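Side chains included, hydrogens not; waters and symmetry mates left out as well; all remaining heavy atoms used. All of these numbers come straight from a predicted model, not from anything done at the bench.
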Amino acid sequence: LAHSKTYLELMTTTVGLGAESLVAEIASNDGYLLQYFQEKKVPVLGIEPTANTADVAQKKGIETVVEFFGVELAQKLVKEGRQADLLLGNNVLAHVPDINDFVEGMKLFLKPTGVITMEFPHVLQLINHNQFDTIYHEHFSYLSLYTVEKIFAAHDLTIFDVEEVTTHGGSLRIYAKHTQDDTKNTTVRLTELQKKEKESGIDNIELYKNFQEKAITVKNDLLTFLIQAYKDGKSVAAYGAAAKGNTLLNYSGIKNDLIKFVVDANPHKQGTFLPGCHIPVVAEEKLKEERPDYIIILPWNLRTEISAQLSYVKEWGAQFVTPIPSLEIF
């Protein structure tokens, strides 16, 4: 929500939004972002294919179209005389199965001098920080600025600015316009990131081959640690029944003989088992009862918050473990 409020202030100034404007969000969820534009009396439109989520937004008074976005929906909206001054989407670009249809739809729906902003996890961060555990079925694409520029250009859209943001282990927020729109200039931030990606080898297959090797190293280091702990008679638990944790554990072939249980604060997950590895998911009380020697933090992006929340485990000498980007015991 804080991220959304900051975005609102930035875009209201940058795009010059007002009572005559239209802010449209693709994958608008329950209206958590659009509600702030609405408070500022800027007209909004949500596009959200999940009916029960869209219903929550509609109850807040946020008009929401319950459909998937693409060329067909864009054409329908344009026929109704609707085009966006600001068209945005957070963590949706990597989720669409037909990215070309999606981007072409954005071109059709955007006003001649409108602005598109899209946030998506940056594949360079994924590679540099070994975040292979964020590769799972929801994501159809793993995107760089280099690739997105090519896709947008194929649909007569030009990226003129970019920001690096911290969400989801490191994301990009790109700013795009119609290629024919000469009211917006390319920023220094864009040219600097283009250079950074080029120097990293983003367009070279070797970068991706090395990523596989680094993933194997993480797997082997984690297995070595767990087997040694088992031999030494030490007990190991985990914290956070997250999607990324399932990816890591199943890729590494870890079962409930090496990790006894995983703690999760969500009561709906407690009493279940992690798929594939069959490790039971339990409430935090189990941690205090069993007093494990090691606690593996599976959602590594929240390690600071989780280690602070569980600081009491130090009373019995427990240590935290994070396997990514490399094995660390602290």
Side-chain angles (χ1 to χ4, degrees), residues 7-8 10-12 14-29 31 33-34 37-38 42-51 53-54 57-58 62-120 139-141 143-163 172-187 190:
Y7 174 83
L8 159 78
L10 176 68
M11 297 315 297
T12 304
T14 306
V15 184
L17 299 169
E20 303 302 314
S21 309
L22 177 63
V23 174
E25 181 179 12
I26 304 168
S28 52
N29 208 287
L33 191 154
L34 289 180
F37 286 98
Q38 193 176 48
V42 177
V44 299
L45 176 67
I47 299 164
E48 172 54 57
T50 312
T53 312
Q58 287 162 342
I62 295 167
E63 185 188 353
T64 306
V65 177
V66 188
E67 289 185 45
F68 284 100
F69 183 80
V71 168
E72 189 177 340
L73 178 57
Q75 288 171 337
K76 180 177 158 187
L77 291 167
V78 172
K79 277 181 185 173
E80 293 171 3
R82 311 179 80 169
Q83 283 185 294
D85 295 272
L86 173 61
L87 180 55
L88 68 114
N90 294 339
N91 300 303
V92 62
L93 193 62
H95 292 237
V96 293
D98 188 345
I99 198 167
N100 282 295
D101 179 73
F102 186 84
V103 175
E104 180 63 23
M106 288 199 291
K107 179 189 170 46
L108 295 173
F109 187 39
L110 186 69
K111 278 188 184 171
T113 56
V115 172
I116 294 169
T117 75
M118 289 273 132
E119 285 184 32
F120 50 86
H139 301 140
F140 281 87
S141 306
L143 299 165
S144 61
L145 173 64
Y146 175 82
T147 302
V148 172
E149 281 190 299
K150 288 185 178 296
I151 296 167
F152 276 52
H155 299 275
D156 260 351
L157 292 168
T158 298
I159 295 171
F160 64 91
D161 193 10
V162 64
E163 283 181 85
L172 297 183
R173 178 191 291 152
I174 55 109
Y175 296 74
K177 61 174 185 172
H178 288 287
T179 301
Q180 298 81 6
D181 177 6
D182 58 5
T183 64
K184 300 164 187 69
N185 297 319
T186 299
T187 65
L190 181 73

Rounded at 0.5 Å granularity, tell me how far CG in N29 sits from CG in N90. 10.5 Å
Is the closest side-chain heavy-atom distance between E149 and L190 below 4.5 Å? yes
Kindly state each residue pair satisfying ring pair (Phe, Tyr, Trp, His ring centres under 6.0 Å) with at least one member in residues 73-100, sequence neighbours excluded. H95-H139
Looking at CD1 of I116 and CZ of F152, how far apart are the two atoms once the value is rounded to the nearest 0.5 Å? 5.5 Å
Between T179 (side chain only) and L157 (backbone N and O only), is there a donor and an acceptor less than 3.5 Å apart? yes
Among all residues two or more places apart in sequence or in another chain, which pass the ring-ring contact (aromatic ring centres under 6.0 Å, His included) test with F109? none
With rounding to the nearest 0.5 Å, note down the distance linking CG in D161 to NZ in K184. 12.0 Å
Side chain of Q58, backbone of T64: donor and acceptor closer than 3.5 Å? yes
Minimum heavy-atom separation for I159 to V148, with atom names? CD1-CG1, 3.6 Å
Above 12 or not: heavy atoms from other molecules or residues under 6.0 Å from CD of E72? no
Residue E80 excluded, over 12 heavy atoms near CD under 6.0 Å: yes
Test item: M11 and L88 side chains (from C-beta on) under 4.5 Å apart, heavy atoms: no
When every non-hydrogen atom of Q83 is compared with those of L110, the smallest separation belongs to NE2-O, 3.3 Å
In the structure I gave you, are the side-chain heavy atoms of F120 and L172 within less than 4.5 Å of one another anywhere? yes
Non-hydrogen side-chain atoms of F102 and L93 separated by less than 4.5 Å: yes
Show your working on side chain to side chain donor-acceptor pair (under 3.5 Å) between T117 and Y7 and close with a plain yes or no. CA-CA 10 Å; T117 75; Y7 174 83; 2.6 Å; yes
Spatial distance of atom NE2 (H178) from atom OG1 (T183) [nearest 0.5 Å]: 10.5 Å
Report yes if the side chains of F68 and L73 come closer than 4.5 Å at any heavy-atom pair, otherwise no. no
For residues H155 and K107, report the shortest heavy-atom separation together with the two atoms involved. O-CD, 2.8 Å
Any side-chain heavy atom of V42 sitting closer than 4.5 Å to one from L8? no
In this structure, CD1 of I174 is separated from CD of E163 (nearest 0.5 Å) by 11.5 Å
Lys/Arg cation over aromatic Y175: K177, 6.0 Å, 45° cone: no
Distance from T53 atom OG1 to E48 atom CD, nearest 0.5 Å? 5.0 Å
Closest non-hydrogen atom pair, I151 against I99: CD1-CD1, 4.0 Å
For G46 and S28 the tightest heavy-atom approach is CA-OG, 3.3 Å
Apply the test side-chain contact (heavy atoms from CB on, under 4.5 Å) to residues R82 and V65: give CA-CA distance (whole Å), side-chain angles for both, the deciding distance (0.1 Å), then the verdict. CA-CA 13 Å; R82 311 179 80 169; V65 177; 5.6 Å; no
Flag the pair L45 / L77 as yes when at least one side-chain heavy-atom distance between them is below 4.5 Å, and no otherwise. yes
With a 4.5 Å cut-off on side-chain heavy atoms, are L86 and F37 touching? yes
Which heavy-atom pair separates S21 from D85 by the least distance, and what is that distance? CA-OD2, 3.2 Å
